[in-house]
Each structure stands twice: as C-alpha cells, then as structure tokens.
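Beneath this line is the structure, given in structure tokens, with notes to follow.
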Amino acid sequence: MDELLNKVLMEEALLRLSAEHRDVLVALHYRRYTVQEASVSLNIPSGTVKSRAFYAVRALRTILDEMGVQR
C-alpha cells in the first residue's frame, strides 16, 4: 500500500513540474537513458540535459516538501 501511495504522490509531483523538467527526469530516471541518449531523444544538448536535471530535482524536492512528503 505504501508503494502505491508513493507512486501516486510522485506522479502528482511530476505533473507539477514544467514539461522540460519532467521530460528530462522521465528520460533519465524512468527510461534509464544516459545523458547522451536523453540528449538525442529530447533533441537538446547534453549540457542542457544535465542542467535541467539538476534544476528539476531541486524543484521536485520543493514540490514534495510542499505536499508534506517526508524524505
């Protein structure tokens, strides 16, 4: 049950991210792409993938904190 709740909370948090941040996180963490693979898939430079991933994780932490999710 906890696993299902965590999945629902994470999906809700991901939906609150910008599309650019969400796309990078999905590519890197759900599809398990490398930075280079994500770069090709998203048609953006690898440096942009890294930058967006950094800021996406930071934004996701803020969103989860606002949702009251314990880390």
Side-chain angles (χ1 to χ4, degrees):
M1 189 67 157
D2 285 341
E3 188 175 325
L4 178 61
L5 179 59
N6 286 338
K7 184 177 178 180
V8 169
L9 287 171
M10 185 57 72
E11 287 177 6
E12 174 65 29
L14 284 170
L15 288 173
R16 294 184 187 191
L17 289 174
S18 69
E20 292 85 7
H21 286 164
R22 184 173 49 252
D23 291 346
V24 166
L25 287 184
V26 168
L28 294 175
H29 296 285
Y30 286 95
R31 293 187 179 134
R32 305 265 185 207
Y33 287 175
T34 64
V35 170
Q36 185 60 36
E37 290 168 334
S39 171
V40 170
S41 174
L42 299 171
N43 198 31
I44 57 176
S46 60
T48 302
V49 171
K50 292 176 187 179
S51 175
R52 286 185 186 174
F54 174 81
Y55 289 108
V57 169
R58 196 165 81 172
L60 189 60
R61 285 183 181 143
T62 300
I63 290 167
L64 290 170
D65 285 345
E66 289 172 356
M67 293 172 67
V69 175
Q70 299 284 329
R71 289 191 238 166

Distance in Å, [X] [atom1] paired with [Y] [atom2], rounded so as to fall on 0.5 Å steps:
| X | Y | atom1 | atom2 | result |
| --- | --- | --- | --- | --- |
| Met67 | Leu60 | CE | CG | 9.5 Å |
| Ser51 | His21 | OG | NE2 | 7.0 Å |
| Leu9 | Ile63 | CG | CD1 | 12.5 Å |

Is a donor on one side and an acceptor on the other found under 3.5 Å between the side chain of [X] and the backbone of [Y]?
| X | Y | result |
| --- | --- | --- |
| Arg31 | Val26 | no |
| Ser39 | Ile44 | yes |
| Glu37 | Thr34 | yes |
| Arg22 | Leu14 | yes |

**Asked** Taking side chain as C-beta onward, heavy atoms only, is Val69 less than 4.5 Å from Met10?
**Response** no
May I ask whether [X] and [Y] are part of the same hydrophobic cluster, defined by side-chain heavy atoms of I, L, V, M, F, W, Y residues being less than 4.5 angstrom apart, directly or through others?
| X | Y | value |
| --- | --- | --- |
| Tyr30 | Val35 | no |
| Val57 | Leu64 | yes |
| Tyr55 | Val49 | no |
| Leu42 | Leu28 | yes |

Presence of salt bridge, Glu12 and Arg16, under 4.0 angstrom: yes
